[in-house]
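One structure is given below, encoded as structure tokens.
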Amino acid sequence: QVQLVESGGGLVQPGGSLRLSCAASGRTINYYGMGWFRQAPGKEREFVASISRNGGVTDYAVSVKGRFIVSRDNAKNTVYLQMNSLKPEDTAVYYCALRISSAYGSSRSTDYDYWGQGTQVTVSS
């Protein structure tokens, strides 16, 4: 059984930065694509970023491109999301997800097999 645990969320002022971590256990993530999604109150879950198994291929939502960076450390079985220049509209619960059917990530939530419990990110002054 795979478990994904996100951490690093919190309250930050507009323009600030946070780094989210997603630690996996129960299965090595070396072979699989991973993704980050977010869900704001009253809204559907949306794609944020994805990364291939070796980190060579990444993809970002238009709303975060140039501000967020997804990376991974397979030796630590962990994926990261560096979030810079944060805006109030980035406020959401952030989830990481594991896609065991492919070495590449995806922007579709239905392509992922395992999800973390989420971590809250609040951007406010």
Looking only at atom types and distance, does a side-chain atom of N74 sit under 3.5 Å from a main-chain N or O of R53, one as donor and one as acceptor?
-> yes
Consider only side-chain heavy atoms of I, L, V, M, F, W and Y, link residues closer than 4.5 Å, and tell whether V12 and V64 are in one cluster.
-> yes
Between D111 and R108, is there a side-chain N and carboxylate O pair less than 4.0 Å apart?
-> yes
State, without any angle test, whether Q120 and T122 hold a side-chain donor-acceptor pair at a distance under 3.5 Å.
-> yes
With a 4.5 Å limit on heavy-atom distance, are the side chains of M83 and L20 in contact?
-> yes
Donor-acceptor contact present, side-chain N77 to main-chain A24, <3.5 Å = yes
Same cluster for Y112 and V93 if Ile/Leu/Val/Met/Phe/Trp/Tyr side chains link at under 4.5 Å?
-> yes
Does Y114 reach the main-chain N or O of Q1 with its side chain, forming a donor-acceptor pair under 3.5 Å?
-> no
Would you say Y95's side chain and Q39's backbone share a donor-acceptor pair under 3.5 angstrom?
-> no
Result of checking D73, T119, T78 against S21 for side chain to side chain contact (heavy atoms under 4.5 Å, CB included) = T78
Is R72 reaching over with its side chain to a backbone N or O of G55, donor-acceptor style, under 3.5 angstrom?
-> no
May I ask you to check whether S50 and D59 show a side-chain donor-acceptor distance below 3.5 Å?
-> no
Could you pull out the closest heavy-atom pair between Y80 and W36, with the gap in Å?
-> O-NE1, 3.4 Å
Compare every heavy atom of R99 with every heavy atom of S106, then report the nearest pair and how far apart it is.
-> CB-NH1, 3.6 Å
Any sub-3.5 Å donor-acceptor pair from S125's side-chain atoms to Q13's backbone N or O?
-> no
Minimum heavy-atom distance C22-M34, with the two atoms named | SG-CE, 4.2 Å
Does any N or O in the side chain of D113 come within less than 3.5 Å of the main-chain N or O of I100, such that one atom is a donor and the other an acceptor?
-> yes
When you measure from the side chain of Q82 to the backbone N and O of I69, does any donor-acceptor pair fall under 3.5 Å?
-> no
Just wondering, are more than 12 heavy atoms of other shown residues or ligands nearer than 6.0 Å to OH in Y104?
-> no
Closest non-hydrogen atom pair between L4 and Q117, with its separation = O-OE1, 3.4 Å
Would you say the ring centroid of F47 lies under 6.0 angstrom from that of F37?
-> yes
Check the side chains of R27 and Y32 for a donor-acceptor pair under 3.5 angstrom, ignoring hydrogens and angles.
-> yes
Mark yes when over 12 heavy atoms from residues, nucleotides or ligands other than E44 sit less than 6.0 Å from its CD; otherwise mark no.
-> no
Got a second to check how far L81's CG is from F68's CZ, nearest 0.5 Å?
-> 6.0 Å
Do S52 side-chain atoms and V57 backbone N/O form a donor-acceptor pair below 3.5 Å?
-> yes
Neighbour count above 12 (heavy atom, 6.0 Å) for Q3 CD | no
Atom CG in L86, atom OG in S124: separation rounded to 0.5 Å?
-> 12.0 Å
Spatial distance of atom OG1 (T58) from atom NZ (K65) [nearest 0.5 Å] | 9.0 Å
Can you name the nearest heavy-atom pair linking A92 to A40, along with the distance?
-> CB-N, 3.8 Å
Looking only at heavy atoms, what is the nearest atom pair of D90 and S85, with distance?
-> OD2-O, 4.4 Å
